[in-house]
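In each ligand, atom 1 is the first atom listed, and ligand 1 is the first ligand listed. Numbers here are sequence positions counted from 1.
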Amino acid sequence: MASGKERTYYKAVRRAINAVISETSLKDKLTVIVRGTARSMKAGASLVLLNADRTKLVHSASWGLPRYYLQKGMPNADKSISEVATGRTVIIEDIKRDSRVQYRQMAAQAGIVSIIGTPIILNGLPIGSIRVYTKQPCECSRQDISFVSTMANLAGIAFKSYLEGQSEERVSALRQTQPVAFAHPSEEDFARILDFYNMEWVYEPRSFPLKWDGDRITEMFTPDFYLPNLDLYVELTTLKQSLVTDKNRKLRRLRELYPEIKITLLYKNDYNHLLAKYGFGPLAQSRAHGIKQILYSTVDIKNRIQKMAKQISKDYADRRPILVGLQRGFICFMADLMRQITVPLDLDFIAISYYTGTNDSVVKITKDMDLNIAGRHVIMVEDIVDTGITLNYILNHLKARKPASLAVCVLLNRRIRRIVDLPLDYIGFEIPDEFVVGYGLDYREEYRNLPFIAIPDIKRPPVKKRAQLKD
Ligand code: IMP
Ligand code: MG
């Protein structure tokens, strides 16, 4: 005979499965899962997701938790309780005595004693977790833990089937699950602009207490937006002078009380200046001319390259590599990458052109390397690998010169049309099946000087013709 608890868990799992296979929105499916988890365990529960560069955790569905706790701030992924880092269930028995809990005081005020965190895995990678907050010290049985992790697995399945139905692969899970009820049309405009430029945002992410009467908070301030990859809060204002004055006062107070917080106050049209500062937005329109959507912003690229360079510096700590670039698409990538690499290195180039015959196209080297690579450690640096034909040709050419080792570092990898499969050692971004330009990449020699990577507003060049594109 199943115990009462088992029956409760069974019901919650069954409801969650029904939600996952139903036609409802992803947000609704996740809500059923989180609510079922919370109610069955007689606790609060939330679903937190990693933002795209995996640095912050954001609450995106919750049940039975006070609003001030949800708006307490976004834990840093690497400092927070570490289920998302290790991919394993983590139990914090007493939050008061565990330094991994970043907002201990707030948690205590909400009556929370223990936290159980179980990762949500998508394609082998943790993307967030389900957290259960109990008011009694946790005496978790195996059964309890397996229940929470089953619910987390169901959340993973909901994400997977959601993303399979999406044409654009780089929609972050975070963006798709936010409840968006904007208080003001200008906020919605701002969110749309951020979406177009593929900047992640969180709406009304956090409330900052500003005034207290004893223990009671009597005044709070909730900025409109948080932009995780700039680590910046943004408050939009209407033009009404009376409101602006009050807001300015609150902002001054906030800066005094929370000096580590970066926050900007934007007057109605000011956000265009902010966007222009990062190389896009209506004020940078001449640069974005003919662009359908930005795939990776200047900031995204910078953050990613920093990580790749760090890894290369570590891997080549005691070897002096030769970086070999392929003209001309690599130019921005190489320039930024090599300045972030901290070990001594050498630099060389190869230039190629494609000769298109009647039946097939042949790659030909028009400028060879100047350095002798025999016995050296070579890193081939490429902008994008598509079919793999170009890279295959170049690697064979390099191997014939007998380097001690040969690695490949590419900024963009588009696997979908791969013909020659080659091992890639360092990959910047996996990109969807879209032709891309900018940051060195061209379409008929246009767009190379854009500071971001974007999908141009052109019909996709037919595959055959693409062979004629110069590198
Ligand atoms: P592959 O030989 O098919 O792998 O093609 C690699 C070369 O084609 C790259 O070095 C680029 O120069 C060019 N290429 C492939 N895809 C794109 C793209 O989306 N935008 C711009 N150039 C591209
Ligand atoms: Mg190239």
Is it true that Ser62 and Ser46 share a donor-acceptor pair across their side chains at a distance under 3.5 Å? no
Which class fits the ring pair Tyr233 and Tyr226: parallel under 30°, tilted 30 to 60°, perpendicular over 60°? tilted
Indicate the ring-plane relationship of Tyr393 and His397, choosing parallel, tilted or perpendicular according to the 30° and 60° boundaries. parallel
Tell me the nearest of Asp383, Ile352, Thr390, Thr387 to atom 3 (O) of ligand 1, using heavy-atom distances. Thr387
Number the atoms of ligand 1 from 1 as they appear, then name those within less than 4.0 Å of a heavy atom of Leu441, with their elements. 21 (C), 22 (N)
Polar contact flag, side-chain donor to acceptor under 3.5 angstrom, Arg401-Asn372: no
Suppose we screen for side-chain contact (heavy atoms from CB on, under 4.5 Å). Which residues come up paired with Asp336, at least two apart in sequence or across chains? Ile305, Arg339, Tyr439
Looking at ligand 1, does Asp442 have a heavy atom less than 4.0 Å from it? yes
Of Tyr443, Phe435, Tyr447, which has the heavy atom at the shortest distance from atom 18 (C) of ligand 1? Phe435
Beyond-backbone contact of Arg328 with Arg448, side-chain heavy atoms, under 4.5 angstrom: yes
Taking only heavy atoms of Val436, which atoms of ligand 1 are found under 4.0 Å from at least one of them? 18 (C), 19 (O), 20 (N), 21 (C)
Should you measure from each heavy atom of Glu382, which atoms of ligand 1 turn up under 4.0 Å away? 10 (O)
Any non-hydrogen atom of Gly329 lying under 4.0 Å from ligand 1? no
Proximity of Arg414 to ligand 1 by residue part, where a heavy atom lies under 4.0 Å: side chain
Val437 N/O under 3.5 Å from ligand 1 N/O: no
Check the orientation of Tyr316 and Tyr426. Use parallel for under 30°, tilted for 30 to 60°, and perpendicular for over 60°. tilted
